[in-house]
Amino acid sequence: MPVQDLEKIFQQKIDEEIKIEPKDWMPDAYRKTNLRQISQHAHSEVVGMLPEGNWITRAPSLKRKLILLAKVQDEGGHGLYLYSAAETLGMSREEMINDLHSGKAKYSSIFNYPTLTWADIGAIGWLVDGAAIMNQVMLTRTSYGAYARAMVRICKEESFHQRQGFEILLVLSRGSKEQKEMCQDAINRWWWPSLMMFGPKDSESTNSDQSMKWKIKRKSNDELRQNFIDMIAEQIKTLGMKLPDDKLKWNEERKHYDFGEINWDEFWQVVKGNGPCNKQRLDARREAWENGEWVRDAAAAYAKKRAARQKDKAA
Ligand code: BYC
C-alpha cells in the first residue's frame with residue numbers, strides 16, 4: 001500500500017479515537033516519540049524507587065515499613081509494565097537501559113532531590129505521586145494502546161500512594177512542634193520541584209504540538225500544572241500548612257489559583273544532570289545492573305535448557 005494511504009488510515013484511527021496497536025502501521029516519528037516518552041516514564045518509575053527506598057529501613061513503625069515497602073515495589077512493577085509497553089515499539093529493554101546508564105535517555109527531574117527526613121516520604125506520596133496521577137489520568141486516554149492500558153492499572157496504584165503520603169503528613173501536622181516543622185519543611189522543599197515535573201512551559205515545550213496532534217498528550221504541560229496547583233492549594237488547608245509561594249492566590253476571574261514564577265534555570269540544570277543527586281541516582285542504577293548480571297545470566301541459561309528439553313520431547 002502506498003505510504004499516503006497508510007498515513008490516511010493512521011490519521012483516521014487517531015481522529016476516530018481508535019487505539020494504535022503494535023502491529024499497525026505508524027509514522028516513524030510517532031513510534032519514536034512514544035518510545036522516548038514511554039521509556040523515559042519507565043526509567044522514572046525505577047529511578048523513583050531510590051529516594052523512597054532510602055527510608056525503608058528507617059520507617060518509624062512496622063506498619064509504615066510495610067506500606068512503604070509495598071509502595072516501592074509497586075513503582076518497580078510500573079517500570080516493568082512500561083518497559084514491556086515500550087518494547088512493543090521495537091527497542092529491547094537492554095538498549096533502553098543502556099540509554100539510561102549512558103545519560104542519553106532522561107528520567108523525571110524530581111528524583112534528583114534528596115529525602116532528608118521521614119516527612120519527605122509523606123511529601124513525595126502527596127505531591128510527587130499527586131503530580132504523576134494528574135499527568136497519568138490523561139495518559140489512560142493516550143492514542144497508543146499498550147501505553148494507555150498500562151496507565152489504567154498504574155493510576156489505581158498511584159491513588160493509594162497519594163493517600164498514604166497525605167496521611168503521613170496529616171499525622172505529622174497534628175503532632176509535636178518538631179513534627180509540624182518537619183512537615184512544613186518537607187512541603188517547602190518538594191513543592192517547586194513537583195511543579196517542574198509537568199515539564200517546561202508550553203511555549204518552551206518542543207514536543208507538545210506534535211504530541212497533542214497525535215493525541216499522545218491530551219492536555220498541555222501548563223494546563224496539567226494549573227490543575228495540580230488548584231487541587232493542592234485546597235488540600236493543604238486540611239493539613240493547616242502553607243505552600244511556599246507568596247503569590248499563590250485564588251483568581252476569581254480565571255477560576256484558578258495564580259502562582260509565582262518557577263525557577264526554570266534550576267529545572268534545566270537538573271535535567272542536564274547537575275541536580276543534587278543525579279550522579280548518585282545513576283551510579284545506583286548502574287551498580288544494580290552490574291550486580292544483577294548473574295541473575296539475568298542464570299535466567300537466560302534456564303530458559304535455554306527448558307527450550308532444548310521441550311524440543312527433545314516434541315521430537
Ligand atoms: N524531567 O517537549 P516537552 C512516578 C524533557 S514516576 C526531566 O514538554 P514532553 C513515581 C522532555 O523529555 C512518573 N525531563 O516533553 C515513581 C523533553 O526532552 P527530550 C513520571 C523533562 O515529553 C516513583 C524536554 O524536556 N511520569 O510517578 O512532550 C516514586 C522538553 O519537554 C521533564 C512520567 O514520566 C522532567 N520533569 O512532555 C513516586 C510521565 N519534563 O525527551 C512516583 C510521562 C520535560 O525531547 N511523560 N522534560 O530530550 C510525560 O507525560 C511527558 O514526557 C512530560 C514532558 C509531560 C513529562
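Just the heavy atoms: all of them, side chains too, but no hydrogens, waters or symmetry mates, feed the values below. Atoms within each ligand, like the ligands themselves, are counted from 1 in listed order.
- In this structure, the side chain of N251 does not engage the main chain of Y257 through any donor-acceptor pair within 3.5 Å.
- Without hydrogens or angle criteria, R281 side chain to Y113 main chain gives a donor-acceptor distance under 3.5 Å.
- Residue, atom and distance of the protein heavy atom nearest to atom 3 (P) of ligand 1 are S205 OG, 3.4 Å.
- Annotation: cation-pi geometry satisfied between R58 and W55 (NZ/CZ under 6.0 angstrom from ring centroid, within 45° of ring axis).
- Counting the atoms of ligand 1 from 1 in the order shown, those under 4.0 Å from a heavy atom of R36 are 12 (O), 19 (P), 22 (O), 41 (O), 45 (O).
- Remark: ligand 1 atoms within the under-4.0 Å shell around heavy atoms of M196 are 36 (N).
- One finds a salt bridge joining K71 and E75 here, because a Lys/Arg side-chain nitrogen approaches an Asp/Glu carboxylate oxygen to under 4.0 Å.
- Taking distance alone, with nitrogen or oxygen atoms compared against 3.5 Å, E75 stays at or beyond that limit from ligand 1.
- Here the shortest heavy-atom distance to atom 46 (N) of ligand 1, taken over M138, M212, Q37, E157, belongs to Q37.
- Residue K71 places a heavy atom less than 4.0 Å from ligand 1.
- Polar contact check, S211 against ligand 1: no nitrogen or oxygen pair lies under 3.5 Å apart.
- Looking at Q164, its side chain does come within 3.5 Å of a backbone N or O of H161 through a donor-acceptor pair.
- Nearest protein heavy-atom contact of atom 18 (O) of ligand 1 is K106 NZ, 3.4 Å.
- Judged by distance alone, with hydrogens and angles left aside, the side-chain atoms of Q162 form a donor-acceptor pair with the main-chain N or O of W126 at under 3.5 Å.
- Residue contacts with ligand 1: E158 is included, with a non-hydrogen atom under 4.0 Å away.
- The single protein non-hydrogen atom nearest to atom 30 (C) of ligand 1 is T206 OG1, 3.6 Å, given as residue, atom name and distance.
- Checked against a 3.5 angstrom limit, the closest N/O atoms of N135 and ligand 1 fall inside it.
- Protein heavy atom at the shortest distance from atom 40 (N) of ligand 1 is G199 CA, 3.2 Å.
- Contact analysis puts P200 in contact with ligand 1, with a non-hydrogen atom separation below 4.0 angstrom.
- No donor-acceptor distance shorter than 3.5 angstrom exists from the side chain of K217 to the backbone of N207, with no hydrogens or angles considered.
- Those atoms of ligand 1 with a heavy atom of Y107 less than 4.0 angstrom away are 1 (N), 7 (C).
- Considering backbone and side-chain N/O of K217, one or more are found under 3.5 Å from N/O of ligand 1.
- The pair K215-E17 meets the salt-bridge criterion, with a side-chain N (NZ, NE, NH1 or NH2) lying under 4.0 Å from an Asp/Glu carboxylate O.
- For atom 53 (C) of ligand 1, the nearest protein heavy atom lies 4.0 Å away or farther.
- Of the N and O atoms on the side chains of E94 and N98, not one donor lies less than 3.5 Å from an acceptor on the other residue.
- Within the structure, the closest approach of H161 to ligand 1 does not fall below 4.0 Å when heavy atoms are considered.
- Near F198, the atoms of ligand 1 lying under 4.0 angstrom from a non-hydrogen atom of the residue are 55 (C).
- Considering backbone and side-chain N/O atoms, Y147 never comes within less than 3.5 Å of an N/O atom of ligand 1.
- Every N/O-N/O distance between D129 and ligand 1 stays at or above 3.5 Å.
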request  = Mind running salt bridge (charged side-chain N to carboxylate O under 4.0 Å, His left out) on E261 and K201 for me, showing each step along the way?
outcome  = CA-CA 11 Å; E261 188 59 26; K201 278 187 193 169; 3.5 Å; yes
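- Atoms of ligand 1 found under 4.0 Å from any heavy atom of Q136 (numbered from 1 in listed order, with element): 13 (C).
- If you check which protein heavy atom lies closest to atom 17 (C) of ligand 1, you get N207 ND2, 3.7 Å.
- Counting protein heavy atoms only, atom 10 (C) of ligand 1 is closest to F111 CZ, 3.4 Å.
- Using bins of under 30°, 30° to 60° and over 60° for the plane-to-plane angle, the ring pair W214/F10 lands in the perpendicular bin.
- Here is the list of ligand 1 atoms found below 4.0 Å of a heavy atom in A132: 27 (O).
- A salt bridge is absent between K213 and D209: the closest approach of a Lys/Arg side-chain nitrogen to an acidic carboxylate oxygen does not fall below 4.0 angstrom.
- Note on ligand 1: E52 sits in its first shell, one or more heavy atoms being nearer than 4.0 Å.
- Nearest non-hydrogen protein atom to atom 47 (N) of ligand 1 is F267 CZ, 4.2 Å.
- Considering only non-hydrogen protein atoms, atom 12 (O) of ligand 1 sits nearest to Q40 NE2, 3.2 Å.
- Heavy-atom contacts of N221 reach the following atoms of ligand 1: 8 (O), 55 (C) (cutoff under 4.0 Å).
- Atoms of ligand 1 found under 4.0 Å from any heavy atom of S109, numbered from 1 in the order shown, are 1 (N), 7 (C), 35 (C), 36 (N).
- Hydrophobic cluster membership is shared by Y30 and M151, with clusters built from Ile, Leu, Val, Met, Phe, Trp and Tyr side chains linked at under 4.5 angstrom.
- Of the options D120, T115, L116, a side-chain contact (heavy atoms from CB on, under 4.5 Å) to N54 is made by T115 and by none of the others.
- Counted within 6.0 Å of CZ on R254, heavy atoms from surrounding residues, nucleotides or ligands total more than 12; the atom is thus considered enclosed.
- Residue-level proximity to ligand 1 for H41 is carried by backbone and side chain together, each with a heavy atom below 4.0 angstrom.
- Between H78 and Y81, the ring planes are tilted. Angles from 30° to 60° get that label.
- Remark: E158 does not engage R163 in a salt bridge, criterion side-chain N to carboxylate O under 4.0 Å.
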